[in-house]
Asks: 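Before I ask anything, let me first share the structure, which is written out below as structure tokens.
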Number of protein chains: 2
Amino acid sequence: MIRSVNPLAQEPRYELIGRVLRENILSGVLPQGFVLLEGPIAAVMQTSRVPVQSALRQLLEDGLIHRFDGRGYLVGQGGADVIPIRRDIRELELEIPQVVDEALQTRGTWRHVYDKVEEEVASCQIFGEFRIVETELADHLGVSRTVVRDVLARLQERGLVRKSPSSHWIAGPLTARTVSEKFELRGIMEPAALRLAGPHIRYAEVEALLERTGTDPGITPQYLGDALLELCIAQAPNTALVEMIRSNRLLLSSVDRALILLGLPRDEDTIEQYQTLLDLITHHPIDSACEYLRYHLSITARRYLARMKIVAVIDETGSFAPYLSPQ
Amino acid sequence: MIRSVNPLAQEPRYELIGRVLRENILSGVLPQGFVLLEGPIAAVMQTSRVPVQSALRQLLEDGLIHRFDGRGYLVGQGGADVIPIRRDIRELELEIPQVVDEALQTRGTWRHVYDKVEEEVASCQIFGEFRIVETELADHLGVSRTVVRDVLARLQERGLVRKSPSSHWIAGPLTARTVSEKFELRGIMEPAALRLAGPHIRYAEVEALLERTGTDPGITPQYLGDALLELCIAQAPNTALVEMIRSNRLLLSSVDRALILLGLPRDEDTIEQYQTLLDLITHHPIDSACEYLRYHLSITARRYLARMKIVAVIDETGSFAPYLSPQ
DNA sequence: CACCTATGTTATACGAAGTACAGTTTTTCC
DNA sequence: GGAAAAACTGTACTTCGTATAACATAGGTG
């Protein structure tokens with residue numbers, strides 16, 4: 001049973017805030033006598049004052065802070081000799097761990113489990129058709145059916161699962177046709193987005209990436225694909241378009257990751273194609289880059305389909321998440 | 001309180017099946033002594049046997065059918081002299097009303113309320129920002145919060161509502177920017193789809209439509225727009241693309257309907273543009289039609305934005321569904 | 001800081017509908 | 001006329017759709 005990818009994501013905000021304050025008091029970042037005020041803390045944590053209140057109450061009980069004759073709380077056990085330090089908490093550089101920060105950003109259990117389920121559901125589809133039973137998934141995730149249904153409804157909207165005629169949840173199979181359609185869509189939308197993005201690309205960053213490509217072994221085709229999306233295509237000033245491009249790529253890249261995990265060799269010459277593309281983007285009219293992107297996608301689609309066929313031959317049904325039962 | 005657009009849609013299947021059988025018995029289509037078997041009835045109704053069983057039990061209680069020494073039920077009150085008629089029910093041409101047939105197709109309360117909510121939520125957005133409260137919507141629709149949350153989650157996925165930072169549901173406002181983005185998307189996707197659709201268009205039907213255009217006063221720009229989508233663009237052999245085009249148009253056409261309801265004059269010359277377009281599609285290379293479609297969309301976008309500005313001046317907040325409260 | 005409101009989530013329950021299988025009736029074919 | 005095959009029913013089991021109550025959390029406001 002998994003509760004979440006980020007274990008802190010489940011905790012209420014006041015716990016997270018309390019945790020941050022506690023650690024900063026113990027580490028000395030918040031000095032004895034420092035005046036803690038609700039409002040500024042809420043501002044730093046990007047939340048409202050209510051959870052800050054709860055956190056402070058808890059810290060008071062734990063004896064880490066104390067009240068005094070004035071507004072707010074003082075850090076430390078208290079005593080007559082402590083002089084209140086009144087400074088803006090924003091100047092103090094509180095240490096806020098990455099995980100806590102993330103957990104503060106997102107709300108809703110379903111968000112925390114969604115990504116994991118999405119990835120697992122998407123990547124199983126090369127291996128055929130799978131059935132998902134709500135209660136099994138709920139047990140597996142350690143959440144209620146309500147949350148599971150929320151997740152599944154959204155997966156359905158994004159086209160990753162569907163309902164059988166008897167209204168059971170079905171994922172896959174990923175057919176050559178589906179893949180072709182998705183690449184066809186990429187060929188329509190991504191060059192168009194790149195053209196729109198033209199004036200908004202931060203060329204220095206692209207150039208820096210281009211420099212590293214070829215020497216840095218950490219730069220895989222996947223990395224380049226994502227970077228191209230983020231640095232160039234996603235700069236298009238049309239959020240709806242970018243959103244569609246993202247959601248269209250979702251299944252393809254999940255499958256890609258799954259294929260890599262399966263040990264399929266990645267082809268080296270796509271790196272060359274990316275280099276050419278990045279070069280065109282930085283040094284030539286954007287239209288030529290768009291044209292080349294279209295060409296690149298048509299090649300990639302063929303390669304992708306060829307790799308899928310290999311898997312179909314392997315038919316090694318690796319290990320799927322237990323809630324995914326092959327049909 | 002509204003329960004549904006189609007009042008029968010809420011009823012369980014066995015009720016619908018019972019209703020059909022009852023009416024066909026009373027009208028005499030099902031003669032006295034006819035042997036009613038579960039399986040065949042289920043096949044006719046396109047369902048499983050379970051609801052048919054329930055329906056038959058109910059009819060038995062009502063005295064419209066009776067059991068006999070054999071499998072199934074006999075139509076009529078019964079008596080020693082009735083001779084069982086064994087014939088395939090499919091030969092009998094049961095009268096199945098349109099509404100019942102529709103209701104049998106769809107399942108799930110949320111489906112029945114979804115369209116209505118979608119339309120209302122979409123069309124309010126020209127008038128600014130609206131808040132939706134789950135419980136109010138639930139009361140209004142006469143359903144539980146469960147269903148409402150399902151509907152809202154899907155509206156969110158389709159980009160018609162969003163969450164405020166305090167995670168309240170917000171619809172709108174429809175800004176000029178949003179509209180421009182959506183038309184930009186149309187300009188990218190619809191010509192591309194039209195090109196793909198080229199070989200699959202049933203030209204006879206398009207020609208028939210073209211004939212009627214100009215003479216038949218029932219052919220409005222809206223009608224033509226929908227027809228163009230269905231007859232030509234949606235014929236593209238890429239379901240994902242067509243799906244995206246549909247969902248992208250959703251908000252635009254809802255707003256369009258709202259504007260017409262508001263009494264804004266429709267411009268007559270778009271009909272001419274549609275005529276030109278249909279003519280190009282039927283009699284010329286598809287590329288020229290694509291090009292013209294792109295041009296047409298850019299004009300339409302400008303007109304659309306101009307009409308929206310008029311409404312902004314009117315700022316007459318007509319009557320919205322009661323669960324939509326302006327911010 | 002207290003109160004009010006709305007959302008997120010859980011748990012539970014029940015009805016509706018599909019599936020599978022065993023057992024029975026009807027049909028078919030010799 | 002009788003046996004095998006096909007069709008049908010009864011029934012238990014499973015899953016999904018929805019309702020409902022309840023509670024914690026968080027935001028807003030005076």
Side-chain angles (χ1 to χ4, degrees), chain A residues 10-17 38-39 42 45 47-57 71 104 106-113 131-138 141-153 163-169, chain B residues 10-17 35-43 45-57 67-73 84 86 88 104 106-113 131-138 141-153 163-170 325:
Chain A
Q10 299 289 334
E11 292 191 17
R13 292 205 173 179
Y14 62 87
E15 294 255 12
L16 294 170
I17 295 167
E38 283 177 12
M45 298 292 183
T47 173
S48 79
R49 279 166 35 221
V50 184
V52 178
Q53 271 175 359
S54 312
L56 288 175
R57 261 198 291 275
R71 237 180 268 184
L104 280 173
T106 54
R107 271 181 60 199
T109 314
W110 77 266
R111 280 203 160 284
H112 307 308
V113 296
R131 163 124 184 246
I132 301 171
V133 174
E134 291 179 1
T135 44
E136 277 178 35
L137 180 50
L141 297 172
V143 298
S144 68
R145 244 179 90 206
T146 310
V147 173
V148 168
R149 284 180 59 80
D150 204 343
V151 168
L152 287 173
K163 292 279 193 72
S164 73
S166 55
S167 93
H168 291 162
W169 296 103
Chain B
Q10 298 289 332
E11 290 191 19
R13 294 204 171 179
Y14 63 88
E15 294 257 11
L16 295 169
I17 295 167
V35 180
L36 292 171
L37 298 172
E38 286 178 11
I41 297 177
M45 298 292 182
Q46 297 180 53
T47 172
S48 78
R49 280 168 34 223
V50 184
V52 178
Q53 269 177 350
S54 310
L56 290 175
R57 260 197 291 274
R67 308 219 72 156
F68 75 115
D69 183 32
R71 252 194 291 224
Y73 299 79
R86 293 189 175 278
D88 193 335
L104 281 173
T106 55
R107 271 181 60 199
T109 313
W110 77 265
R111 281 202 162 284
H112 306 307
V113 296
R131 164 125 182 244
I132 301 170
V133 173
E134 290 180 2
T135 43
E136 278 178 34
L137 180 50
L141 297 171
V143 299
S144 70
R145 246 180 87 206
T146 311
V147 173
V148 168
R149 286 180 59 80
D150 203 345
V151 168
L152 287 172
K163 292 281 192 70
S164 74
S166 53
S167 94
H168 291 162
W169 295 102
I170 304 286
S325 49

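The structure displayed is predicted, hence computed values, not measured ones. Hydrogens, waters and symmetry mates play no part in the numbers below; they use all other heavy atoms, side chains included.
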Asks: Both A:Thr146 and B:Gly39 contact DNA chain D. Taking the nearest nucleotide for each, which residue is further toward the 5' end?
Replies: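 Per heavy-atom nearest nucleotide, the more 5' residue is B:Gly39.
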Asks: Starting from the 5' end of DNA chain C, give me the residue, B:Glu15 or B:Lys163, whose nearest nucleotide shows up first.
Replies: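 Counting from the 5' end, the first nearest nucleotide belongs to B:Lys163.
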Asks: C:dG18, D:dT11, C:dA16: which one has an atom nearest the side-chain heavy atoms of B:Arg49?
Replies: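 Among the listed nucleotides, the one closest to the side chain of B:Arg49 is D:dT11.
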Asks: Using a 4.0 Å heavy-atom cut-off across all strands, classify B:Thr47 as base, sugar-phosphate, or nothing.
Replies: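 The answer is sugar-phosphate, as B:Thr47 gets under 4.0 Å only of primed atoms, P, OP1 or OP2.
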Asks: Would the base of C:dT24 count as contacting B:Arg71 through its side chain, where contact means a donor and an acceptor less than 3.5 Å apart?
Replies: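 Result: at least one qualifying N/O pair found.
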Asks: Atom CD1 of B:Ile170 and atom P of D:dG27: how far apart are they, to the nearest Å?
Replies: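 Atom CD1 in B:Ile170 sits about 15 Å away from atom P in D:dG27.
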Asks: What distance do A:Arg149 atom CZ and A:Leu137 atom CG have between them, rounded to the nearest 0.5 Å?
Replies: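 Interatomic distance, A:Arg149 CZ to A:Leu137 CG, rounded to 0.5 Å: 12.0 Å.
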Asks: Looking at every strand, decide which applies to A:Ser166 at a 4.0 Å heavy-atom threshold: base, sugar-phosphate, or nothing.
Replies: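 Sugar-phosphate contact only.
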Asks: Just N and O in the side chain of B:Tyr14: are any of them under 4.0 Å from OP1 or OP2 of C:dA17?
Replies: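 Negative; the distance criterion is not met.
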Asks: D:dT25 C1' sits how many Å from A:Gln53 CD, rounded?
Replies: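 Atom CD in A:Gln53 sits about 13 Å away from atom C1' in D:dT25.
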Asks: Tell me which nucleotide among C:dT10, D:dG28, C:dG8 gets nearest to the side chain of B:Ser167.
Replies: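 Out of C:dT10, D:dG28, C:dG8, the nucleotide with an atom closest to B:Ser167's side chain is C:dG8.
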Asks: Starting the side chain at C-beta, find the nucleotide from C:dA17, C:dT26, D:dT15 nearest to B:Arg13.
Replies: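 Looking only at side-chain atoms, B:Arg13 lies closest to C:dA17.
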Asks: Across the strands shown, which category fits B:Arg67 at heavy-atom distances under 4.0 angstrom: base, sugar-phosphate, nothing?
Replies: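 Counting heavy atoms under 4.0 Å across all strands, the contact made by B:Arg67 is with sugar-phosphate only.
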Asks: Do B:Trp169 and B:Arg131 have side-chain heavy atoms sitting under 4.5 Å apart?
Replies: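 No, their side chains stay 4.5 Å or more apart.
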Asks: Using a 4.0 Å heavy-atom cut-off, does B:Val147 contact any base of the nucleic acid, only the sugar-phosphate backbone, or nothing at all?
Replies: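 Touches sugar-phosphate only.
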Asks: Mind calculating the distance between CZ (B:Arg131) and P (C:dT5) to the nearest angstrom?
Replies: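 B:Arg131 atom CZ is separated from C:dT5 atom P by 12 Å.
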Asks: Expressed in angstrom and rounded to an integer, what is the separation of B:Ile17 atom CD1 from C:dA16 atom P?
Replies: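 After rounding, the reported distance stands at 12 Å.
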Asks: Is A:Arg145 close enough to C:dT10 that one of its side-chain N or O atoms is under 4.0 Å from OP1 or OP2 there?
Replies: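 No, A:Arg145 has no side-chain N/O under 4.0 Å of OP1/OP2 on C:dT10.
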Asks: With rounding to the nearest 0.5 Å, note down the distance linking CZ in A:Arg49 to CG in A:Leu56.
Replies: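 Reported value, rounded in 0.5 Å steps: 11.0 Å.
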Asks: Looking only at the side chain of B:Val143 (C-beta and beyond, no hydrogens), which of the listed nucleotides C:dA6, C:dG18, D:dA19 gets closest?
Replies: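 Among the listed nucleotides, the one closest to the side chain of B:Val143 is D:dA19.
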Asks: B:Tyr73 has an atom OH; how far is it from atom C1' of C:dT25, in whole Å?
Replies: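 B:Tyr73 atom OH is separated from C:dT25 atom C1' by 15 Å.
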Asks: Going by heavy atoms in the side chains, are A:Val113 and A:Val151 under 4.5 Å from each other?
Replies: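 In contact.
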Asks: Give A:Pro165 one of three labels, base, sugar-phosphate or nothing, depending on what nucleic acid heavy atoms sit under 4.0 Å from its own.
Replies: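 No contact.
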Asks: With the side chain of A:Trp169 defined as its heavy atoms from C-beta on, choose the nearest nucleotide among D:dC16, C:dT10, C:dG18.
Replies: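 In terms of side-chain proximity for A:Trp169, the closest of D:dC16, C:dT10, C:dG18 is D:dC16.
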Asks: Among the nucleotides C:dT19, C:dT7, C:dC1, which one has an atom lying closest to any side-chain atom of B:Val50?
Replies: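 My answer, after comparing the listed nucleotides, is C:dT19.
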Asks: Within this structure, what is the CZ-CG distance for the pair B:Arg71 and B:Leu37, rounded to the nearest 0.5 Å?
Replies: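 That separation rounds to 8.0 Å.
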Asks: Of B:Glu134 and A:Glu38, whose closest DNA chain C nucleotide lies nearer the 5' terminus?
Replies: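 It is A:Glu38 whose nearest nucleotide is closer to the 5' end.
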Asks: Among C:dG18, D:dT15, C:dT7, which nucleotide has an atom closest to any side-chain atom of B:Ser48?
Replies: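 Selected nucleotide: C:dG18.
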Asks: Rounded to whole Å, please give me the gap between CZ in B:Arg149 and C1' in D:dA19.
Replies: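 These atoms are roughly 15 Å apart.
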Asks: Calculate the interatomic distance between A:Ile132 atom CD1 and D:dC16 atom C1'; express it in whole Å.
Replies: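 So the two atoms are 14 Å apart, to the nearest Å.
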Asks: Return the value, rounded to whole Å, for the distance between atom CG of B:Leu137 and atom C1' of C:dT5.
Replies: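 Atom CG in B:Leu137 sits about 17 Å away from atom C1' in C:dT5.
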Asks: What distance do B:Leu36 atom CG and B:Arg67 atom CZ have between them, rounded to the nearest 0.5 Å?
Replies: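 If we round to the nearest 0.5 Å, B:Leu36:CG and B:Arg67:CZ are 11.0 Å apart.
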